[in-house]
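To keep things clear, I will list the structure first and then write my remarks on it.
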Amino acid sequence: MTTPDLAAQSAYGRSDRKQAKASLPVQILLVTWRNLVTIFRTPVALVPPLVISIFFLVIYESTLGKAANFIPNLSGNSYLGFILPLSIVSSSLSGSGIAAQNMVRDIESGYFDKLLLTPVSRAALLLGPILAGAVILGIQATVVIVFALLLGLESATGFAGLAAVVGLSILLGTGFAGFTVSAALGSGSAAATQGASFLFFPLTFLTASFVPLELLDGWLQTAAKINPITYVLEAMRGLLNTGWDSAALTQGIAACLILGLAMYTLAVFALRVRTRRS
Amino acid sequence: MSNREIVVENLGKEYAGGVTAVRDVSFQVNSGQIFGFLGPNGAGKSTTIKILTTLALPTRGVARVGGFDVVSQADQVRRIAGVALQEIGIDPLMKSAELLSMQGRMFGASRQEAANRAEELLRLVRLEDAKGRRVGTYSGGMRRRLDLALALVHKPEILFLDEPTTGLDPASRRDVWEEVRRLNRELGMTIFLTTQYLEEADELADVVAIIDNGAIAIEGSPAKLKASVGTESINVAFDSRETAENARAQLSDMADTIQTDRDTVRLYMNQAAQTIPAVVTRLQQANLNPISLTLTQPTLDDVFLQVTGQRLQADAAQPQAA
């Protein structure tokens with residue numbers, strides 16, 4: 001074996017060891033970077049949420065687009081602009097699973113424990129995968145929107161509105177990631193995490209998915225009014241079809257934040273339990 | 001700077017549900033020592049190492065690593081201790097240089113420092129040629145070497161190695177031994193080592209402690225421990241466990257200590273060679289026919305067997321016939 005100078009002094013060796021750790025922002029960046037690297041090394045995992053979203057978009061548009069003329073109260077005049085938000089919402093909800101999948105992979109491989117042996121903060125362990133997931137959510141939403149533009153989408157609020165839709169999608173998906181990450185931390189199992197992410201199913205369909213809220217049946221309308229996704233959809237639809245509507249936008253953002261807050265309370269609790277030394 | 005010692009006093013660990021993993025463990029590892037920590041599966045080895053490396057909390061007693069309390073000063077312990085756990089936790093999608101750099105940066109190194117350190121360690125564990133490959137493509141030996149390198153990133157003063165050579169071929173094992181010795185000799189690193197191979201403890205450790213049933217059963221230098229089990233043993237193998245038990249009864253007065261291990265009776269004594277004729281005569285009189293009879297110089301394996309009543313690992317047990 002060769003003999004490198006192991007004893008060499010360094011800023012992070014010996015002397016000032018008590019302070020030897022990266023600052024929190026650097027830790028978060030490192031963990032985020034690490035998660036992005038692994039995500040881009042398994043690009044196939046990104047395909048299904050994207051394909052499903054685009055597939056839905058095309059099917060809904062082709063099936064219901066012509067019938068849209070018969071739907072009263074349809075804000076604006078494009079069914080594509082009405083249905084696109086559903087496709088984006090489902091892509092961001094299912095895409096939110098990426099953060100959790102990454103986390104569970106680290107737990108299963110033992111790398112999570114390895115990180116706990118460094119002075120890494122818990123916040124970095126939680127935020128790293130989530131921020132990496134947010135980057136992916138942004139890319140997904142952008143791809144779906146570009147596809148819709150190719151299908152002939154015309155945004156009522158122009159480019160800025162489209163950017164706001166992407167922003168909402170990131171906000172929603174990142175909030176929901178709090179839930180899938182909680183499942184990952186709580187179960188430590190890939191299968192259980194996968195199962196938990198199916199909550200996106202009722203969330204995307206117990207809402208004004210295909211027709212405006214007013215046209216829904218009694219019980220479904222009640223469910224839709226409770227479902228935060230409804231307000232996110234409304235906000236996005238406003239942006240795409242009718243124009244800037246600060247009330248709808250505020251409601252949409254508030255819905256994302258409330259959902260996120262609830263999910264992250266859960267996630268912080270799950271992280272505590274997972275990293276508690278027992 | 002730590003004092004490079006490990007002090008453990010009356011350490012105990014009971015899991016919720018009343019399972020006692022560690023009953024009462026006390027020992028001290030002095031600065032610059034290589035300490036071999038041995039024990040059968042389930043004796044409390046892993047739990048002890050988890051407590052010492054801050055991954056688990058004790059329910060009783062005190063443990064200080066480098067002078068820092070493992071409960072209240074976990075962060076300090078993490079900074080001066082390097083840990084290579086038995087389950088190698090490395091992300092298969094990452095490359096070794098990336099993992100090493102990231103680990104270094106977590107400990108506060110700059111990008112450049114971390115990259116240099118990664119290069120240095122890759123050279124040390126001879127993974128330079130594989131540094132651009134994903135860890136998932138590495139062999140078991142390569143992964144272990146990377147794990148050792150990861151434990152060394154922050155220049156620890158105390159190194160915990162949990163079965164560092166399990167699953168390695170003999171050549172790689174010798175490399176790890178050499179490396180452990182060098183880290184200890186040149187850097188004065190205190191090394192806490194668990195192993196399934198008693199030969200390894202004999203080869204490396206200054207002091208060996210055997211844990212059994214959640215408590216330290218015996219502790220001392222390998223030479224002292226070997227001497228304590230008698231200088232030699234006569235091993236007589238029979239065709240069945242019953243015959244062996246029978247023979248044990250016949251021979252019980254001829255040795256200081258006598259044991260049966262499956263179909264073999266072991267008689268521990270001094271000057272065993274001179275006792276062989278008497279043993280043979282006694283067996284003939286009892287009409288018991290041995291299949292083989294060997295004379296063994298004591299090894300740590302014998303110490304382990306005598307202390308715990310079992311072999312550490314069936315395939316690791318190779319008594320040297322004299």
Side-chain angles (χ1 to χ4, degrees), chain A residues 1-24 26-43 45 101-103 105-121 124-125 128 275-278, chain B residues 1-2 15-16 50-51 53-57 71 74-76 78-83 85 87-95 98-99 102-110 113-114 116-117 119-121 123-126 134 147 150-155 157 175 178-179 182-183 186-187 189:
Chain A
M1 285 198 196
T2 51
T3 316
D5 185 11
L6 275 169
Q9 291 292 321
S10 141
Y12 73 106
R14 320 273 180 239
S15 52
D16 50 356
R17 189 185 290 282
K18 273 183 187 118
Q19 282 74 44
K21 87 172 159 188
S23 66
L24 183 60
V26 171
Q27 288 188 17
I28 294 173
L29 269 176
L30 285 170
V31 182
T32 306
W33 166 81
R34 214 274 307 181
N35 275 280
L36 280 173
V37 167
T38 57
I39 290 170
F40 286 118
R41 280 183 191 164
T42 45
Q101 283 158 21
N102 265 8
M103 197 172 249
R105 217 166 41 84
D106 282 353
I107 292 172
E108 284 183 337
S109 76
Y111 189 64
F112 195 81
D113 273 349
K114 187 126 229 157
L115 287 177
L116 285 179
L117 288 168
T118 71
V120 70
S121 87
L125 289 181
T275 58
R276 187 175 54 206
R277 297 193 285 158
S278 54
Chain B
M1 184 117 166
S2 82
Y15 284 105
K50 277 198 169 127
I51 293 172
T53 56
T54 78
L55 284 177
L57 289 174
V71 177
D75 247 23
Q76 280 98 315
R78 284 174 202 150
R79 281 193 198 108
I80 55 119
V83 186
L85 288 176
E87 318 83 54
I88 311 169
I90 37 187
D91 186 333
L93 290 173
M94 299 290 282
K95 297 169 183 171
E98 294 168 343
L99 285 168
M102 180 167 152
Q103 186 111 339
R105 296 203 63 195
M106 283 293 182
F107 281 101
S110 71
E113 279 172 336
N116 292 345
R117 180 69 177 154
E119 287 294 321
E120 194 175 84
L121 288 167
R123 212 158 46 236
L124 177 79
V125 297
R126 294 173 304 123
R134 293 183 192 178
D147 204 39
L150 279 166
L152 294 173
V153 162
H154 57 299
K155 302 176 180 170
E157 294 167 20
D175 282 348
E178 201 180 304
E179 191 44 45
R182 202 164 71 76
L183 291 167
E186 291 177 15
L187 303 180
M189 218 178 263

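The salt bridge (Lys or Arg N to Asp or Glu O under 4.0 Å) search around Arg41(A) returns Glu98(B), not counting sequence neighbours. Taking the side chain to side chain contact (heavy atoms under 4.5 Å, CB included) definition, one finds that Thr275(A) meets it with Phe112(A), Leu116(A), Arg122(A), Leu271(A), sequence neighbours left out.
Between Met102(B) and Leu115(A) there is a side-chain heavy-atom pair separated by less than 4.5 Å.
Using a 4.5 Å cut-off between heavy atoms, Gln103(B) touches chain A through its side chain atoms alone. Using a 4.5 Å cut-off between heavy atoms, Ile51(B) makes no contact with chain A at all.
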Let's go through Asp75(B) and Lys21(A) carefully: what are the C-alpha distance in whole Å and the side-chain angles of both, what is the deciding distance for side chain to side chain contact (heavy atoms under 4.5 Å, CB included) to 0.1 Å, and is it a yes or a no? CA-CA 10 Å; Asp75(B) 247 23; Lys21(A) 87 172 159 188; 3.5 Å; yes

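With respect to chain A, the highest number of heavy-atom pairs below 4.5 Å among Glu119(B), Met94(B), Lys50(B) belongs to Met94(B). Comparing Leu85(B), Leu99(B), Asp91(B) by heavy-atom pairs within less than 4.5 Å of chain A, the highest count is held by Asp91(B).
The two residues Lys114(A) and Val83(B) make their nearest non-hydrogen contact at NZ-O, 4.1 Å. Here the closest non-hydrogen pair linking Tyr111(A) and Ile90(B) is CD1-CA, 4.0 Å. Taking both residues in full, the closest heavy atoms of Thr118(A) and Arg78(B) are given as O-CD, 4.0 Å, listed atom of the first, atom of the second, then distance. Of all the heavy atoms in Arg105(B) and Ala22(A), the pair that sits closest is O-CB, 3.2 Å. The heavy-atom pair separating Leu117(A) from Thr54(B) by the smallest distance is CD2-OG1, 4.5 Å.
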